[in-house]
Structures are given as C-alpha cells and as structure tokens.
Amino acid sequence: TDPALIRNFCIIAHIDHGKSTLADRMLQLSGIVEDRQMRAQYLDRMDIERERGITIKSQAVRLPFTALDDTTYVLNLIDTPGHVDFTYEVSRSLAACEGAILLVDAAQGIEAQTLANLYLALEHDLQIIPVLNKIDLPAAMPDKYAAELAGIIGCEPTDVLRVSAKTGMGVEELLNEIVRQVPPPVGEADSPPRAMIFDSIYDTYRGVVTYVRVVDGHLGTRQRIEMMSTGATHEMLEVGVISPEPRKVDGLGVGEVGYIITGVKDVRQSRVGDTITAASGGASEMLPGYQDPKPMVFSGLYPLDGSDYPVLRDALEKLQLNDAALTFEPETSAALGFGFRCGFLGLLHLEITRARLEREFNLELISTAPNVVYRVVMEDHTEHWVTNPSEFPEGKIAEVHEPIVKGTLLAPSEFVGPIMELCQARRGSLDGMDYLSEDRVEMRYTLPLAEIVFDFFDQLKSRTKGFASLDYEPSGDQVADLVKVDILLQGEMVDAFSAVVHRDKAYAYGVEMTKKLRELIPRQQFEVPVQAAVGSRVIARENIRAIRKDVLSKCYGGDISRKRKLLEKQKEGKRKMKMVGRVEVPQEAFISALSTE
Ligand code: GTP
C-alpha cells in the first residue's frame, strides 16, 4: 500500500468509556464485518479481559475506508492496553501510530488514566482527535466536557467531535476526520527493513503471534529475520494482517501494520518494543525506546495444598509463554511451605495472574503482601536487591533505595483536602495542581511505589466516595529511612509477615500485626508471646494466654454423635496446622492475617 493512503491510529479511553463499542462500530462501517455477524466486543478476545472489562493485550485491525474524497484509505486501528501497570506496552502501541482518538464519556468527563495516556501520546507527537462518546445518554453533558477537553489539549470546544458508538451517530464523520487529520506514515522504502514489535501473543496452535509496525523497508514471507535486542534470528513462516480475521499477505511495507509468525514458542523471544530487521544486510540501528520488562511488585505465591506445588510451577511456566513480564523463582517459607517469589508489573498484573492461576489451573493459593524491590547499599559498598522483605540484610546499612512513581490524580475539587491528607500520610510530595474546570482538579504527586501497593486505591476510593482516579508511572528511586519489621511467635520469626516499612510507621505496623495474630491464633497449652521487632529491638508485644484445650467440655450431656463430630473437626483442623517453633498455627490464621481488608 502507498504510505500516503495509510492512517495508523489508536483509541485512548478510560475503562467503560466505550472503546470496544466504537471499534466494533468502525469495523461495521468499513464493511469488513457484516451487521449480522457483528459480534459484540470483537477486539476483546481473552475471556478474562471480558469478565473484568479490561483490555490487557493490544491488537491491530486493518479497516478499508472510502473517505469524502472518494479515495479508499487503509486505516489501522491499534488497540492499546488500558491499565496503569502496562504503561510500557501502551507507549509501544502509541509509537506505532501517528494519531490518537481521545475518547471520553460525555456523562463522565476525562479520567486520570486517560489523562496520563494522553500525555504519553503527546510525548510521541501524535495528532490528537478529541471525541465525546455516549452523547445519546440523557445524562450526557457534551458542552461542559467539550470545554474541559478543549482546555486540556488546547483546541476550540467546537473541534471536539461528538459521537454515539452505540447508535453509530457521528462515527463516519470521525473516520473522515482521522483521514484528514492523522498524518500518513513516513519511512525509507529502500532501506533495510526495520519493524517495531508492539505486541506479542502466545497462541496454542500457532506459537507466538507478533504484531509489528514496519517503519522502513519491507518484510516478506520466507525471509530470515533478526531480533535486534538479542541478535537471535528466526525464519518468517507467515506474514498477515487482521481484517478482522487473520489474512496472509506477501509482505508489509513502510507504515504498514500486521502480524508475523516465526514458530517461536515463548513471547520472551519476540519482545514488545524490539526491532525486527533482516538477518543478512539488516539495519544497524534499533528503533528507539526498547526496554526489558521490569517487574516492580513482588509477592510470594504458595499453594494452599502443598502437593499442588508442581502444578503451580507448570502453571507459571505456561503463563510465562504469554507474559514476558512475569518472573518467578522457587522460594521456601517456614510458615507457608514451598512456593514461588513472583514478580509483576504492578498490582493489577498480580491480581490477574493470581486469578488465572486459580481459575485456569484450579489452584488454591496464599499470597504474601505485595512488596516493591529495594536496593540496599551496605557500608562496605556491597549492594543487595531485595525482592523478599524477610531477606532484607542485617548489619551495617549505608542507604536503602526504594522505587518512586509519578502519580496523576483526578477528582472533584471538594476532595482536594482528603486527597492531600492521604498523599501526605503516604509520604507523597505535591508536584503541581490544575483545575480542569471549576469543579474538577488534577493533582500530580511523587509517591513511593511501596505506599501505593499498600491499599492506596481502596483508601483513595473511600475518601473520595469513589470519585477520584489515579494513574502512575515509574520514576526512578529515592533514598528513604526504611527498616525491616519482623514478627515473632514465641521468639521464632514468621517469615511471611516480615515487612519493610518507613521508620515512622514501624511501630504502627508492629502493633497492627501483633494484634491481628493474637486474635487469629488459638490459645495453646502454653503462653505464646507475639512480638514485632526491628533488628533485636522489640517494638510491640501481645500475649496469647495459655489454655487447656478441652473441647469436649462444651458438650454437656451425652450426645455422642455430636462429640464425635467435634473430635473429627478437630482432627481436620489439626491437619491444616503449620508449626512455627512449638506453636500450632491454623492455616486460616495466615490467610486472614495476610489478606488486606
Ligand atoms: P473496556 O473494554 O472495559 O476498556 O471498556 P470500553 O471502553 O471498551 O467500553 P465498552 O465499549 O465495553 O463500553 C462500556 C459500556 O458503555 C457498554 O455497556 C456499552 O454498551 C456502553 N456504551 C458504549 N458506547 C456507548 C454510547 O455511545 N452510548 C451509550 N448509551 N452507551 C455506550
């Protein structure tokens, strides 16, 4: 295709603002999906995405469209993942486009996540087309939000398009505006090929399907290609486009978007952001922006039933085929047994992975509280990367570094006070604040990631009646006064409860955990002290008083069947006990203590 006739664009939108509905409507208008075949949510394929209503993996679809000038253009709609954990993947999808539709629900206004992705799109110099969706809704306030959008991107309110993805109103005009406003791709047709990978998906039948945007030159079938980040070479088995089903083509030229299949079986061999070139006579310079996936949040995952350990390992290996960012290493915990320390991009990534393990592999899991990665520099200048708080080094520590993020918060202005209080309590510093309209404010904070992974979202929602939204991106690290708090049962450390916290919060954490455990652990034959300690210094203590366990005394009278039942119950309970030193702890107690309600 002549690059002059190509338009590559994506849709930036908050969850539920109608991205999938709009995409479906565009497919329908382009005539590639017949009305009666029109499946709702064509672009969202994974079940879990549909269930949770989020798009994790981006894909691309080619739409032929005859514009007002009677010319038929090729529009490539590149789907972007919509969540904070996937900023890097979003940035790669954006880098494959020249334009972006900023889609905002006309009854809701813009959200923090959309705003953060808009900033990303502006950094990539994309042409932004502001669009209000759902104008058919009685609650829509298009004038108000058109003014807001105009203020944010610096255009006239009349430049903001108004559509209803549901009824189709305004969607054809939108496609014409895409043709008019989004610049066609430019590249060197005669140079060695360079194509950027913006997505990579594992398919059970085909192996890895890699989505690419060709920048220079031409990629053809049966060509040997090289992955420039690693130098690995592969044979190209198939090149194609999605329209809306996969269709083979002979090759892809400048500005074109499609997929390739090389037979590799693991997405880590075909990484998002990498540059593909020819194996011989290839390009010498990679396209900019490649990063190795870097897990930001770690958690220990343990099977509830120890004999499921091999199942868990297999399951993690399977998930990794399709998830280059997931990492795991075997780990043993005195309290929880055999499991894995897993690394994730963020909390949602963790939650999705855990849900998939439980659902697709029928596993029951316990996970330790999520933690970030600390870089600990000792006085003798040696360095430790700590992904498990119980492995925080002892001894002479010079500096502890923790990851920080730049957060964007959006909320009705009445909540500025509560948000500031929360962010202050979470060691945040305010970088700036703007009123988007009279009653909506954007606040920008630098915050330690550790404070966000610890129930920040819940706190934010409850303090703002659910009205505030937050988005963040990694922003390096900072030195902080952090200490490890250990929890001890009768003098024995319970590794699963060790936490790295700011010195000012160590006491509060210690008190909370010891209280929780005192309530959760049943009395034993002897008194059990529950202590929290920083190093060798005890900062909080509770006692579980001794009791002679005589369950049968509860059964006054001679109801023998009831007695038997109780005995059996007790036996069952015993089986699920873990020993910490001499103390019997029911597994339930660990689970409850680890869950952050
Ligand atoms: P995710 O896939 O979760 O990111 O959401 P999305 O942004 O793709 O939103 P989706 O298209 O699933 O739409 C969310 C809801 O809004 C659905 O119930 C749609 O039917 C509804 N919706 C989308 N567009 C319109 C519209 O123009 N008018 C009305 N009334 N409802 C709409």
Side-chain angles (χ1 to χ4, degrees), residues 9-30 33 35 38-61 63 77-87 89-90 93-94 100-118 120-121 128-146 149 160-175 177 199 201 242 244 346-349 351-352 355-356 410 457 466 469-471:
F9 72 102
C10 58
I11 303 174
I12 298 176
H14 188 70
I15 290 162
D16 275 349
H17 283 203
K19 185 166 79 172
S20 312
T21 312
L22 180 62
D24 288 344
R25 190 60 65 186
M26 289 176 165
L27 291 181
Q28 203 181 7
L29 268 175
S30 74
V33 188
D35 294 2
M38 170 106 161
R39 238 199 292 152
Q41 316 260 310
Y42 212 97
L43 290 174
D44 276 0
R45 296 219 164 148
M46 284 168 76
D47 280 354
I48 193 149
E49 290 183 11
R50 196 167 310 173
E51 246 173 65
R52 302 184 49 114
I54 50 166
T55 311
I56 304 162
K57 281 293 180 185
S58 48
Q59 283 171 303
V61 61
L63 310 162
L77 167 56
I78 293 172
D79 198 14
T80 52
H83 191 275
V84 31
D85 290 356
F86 304 99
T87 307
E89 298 196 13
V90 175
S93 308
L94 296 177
I101 295 175
L102 176 64
L103 186 71
V104 171
D105 186 326
Q108 308 274 328
I110 199 163
E111 300 283 346
Q113 180 206 335
T114 315
L115 203 56
N117 286 345
L118 168 67
L120 268 182
I128 310 291
I129 304 179
V131 179
L132 289 173
N133 186 30
K134 308 197 189 182
I135 53 163
D136 61 292
L137 286 180
M141 294 183 279
D143 293 335
K144 174 178 174 187
Y145 290 121
L149 285 187
V160 178
L161 302 182
R162 298 175 181 199
V163 307
S164 166
K166 189 171 170 189
T167 68
M169 196 196 336
V171 178
E172 187 154 1
E173 289 85 334
L174 171 57
L175 290 171
E177 282 307 310
D199 201 2
I201 292 171
I242 311 277
L347 284 181
L348 181 85
H349 187 209
E351 225 183 281
I352 291 169
R356 293 189 62 180
L410 264 189
F457 283 97
S469 57
L470 165 76
D471 189 89

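Remember, it's 1-based here, ligands and their atoms both numbered in the order they're listed.
By the 3.5 Å distance cut-off applied to N or O atoms, L137 is not counted among the residues near ligand 1. In terms of polar-atom proximity, L22 is not counted as a contact of ligand 1, lacking any N or O under 3.5 Å from an N or O of the ligand.
A 4.5 Å side-chain heavy-atom check between T80 and I11 finds every atom pair outside the cut-off. Annotation: side chain of L348 is in contact with side chain of F86 (closest heavy-atom distance under 4.5 Å).
Ligand 1 is approached by H14 to a heavy-atom distance shorter than 4.0 Å.
Of the listed residues (L175, L174, D24), just one forms a side-chain contact (heavy atoms from CB on, under 4.5 Å) with L29, and that residue is L175.
The nearest non-hydrogen atom to atom 22 (N) of ligand 1, considering only H17, K19, K134, R25, comes from K134.
Using a 4.0 Å cut-off to heavy atoms of I15, the atoms of ligand 1 that qualify are 3 (O), 4 (O). Of all the atoms in ligand 1, the ones that sit under 4.0 Å from a non-hydrogen atom of S20 are 2 (O), 6 (P), 8 (O), 11 (O). Each of the atoms 26 (C), 27 (O), 28 (N) of ligand 1 lies under 4.0 Å from some heavy atom of S164.
Annotation: the span from L27 atom CG to L22 atom CG amounts to 10.0 Å, rounded to 0.5 Å.
The side chain to side chain contact (heavy atoms under 4.5 Å, CB included) check on E111 picks up H14, H17, Q108, T114, S469, with sequence neighbours excluded.
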For residues 164-172, please give each side-chain donor-acceptor pair under 3.5 Å, one per line with the distance, not counting sequence neighbours.
residue, atom, partner, partner atom, Å
S164, OG, D136, OD1, 2.9
S164, OG, K166, N, 3.4
S164, OG, T167, N, 3.1
S164, OG, T167, OG1, 3.1
T167, OG1, M169, N, 3.2

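Looking at D16 against ligand 1, both its backbone and its side chain come within 4.0 Å, counting heavy atoms.
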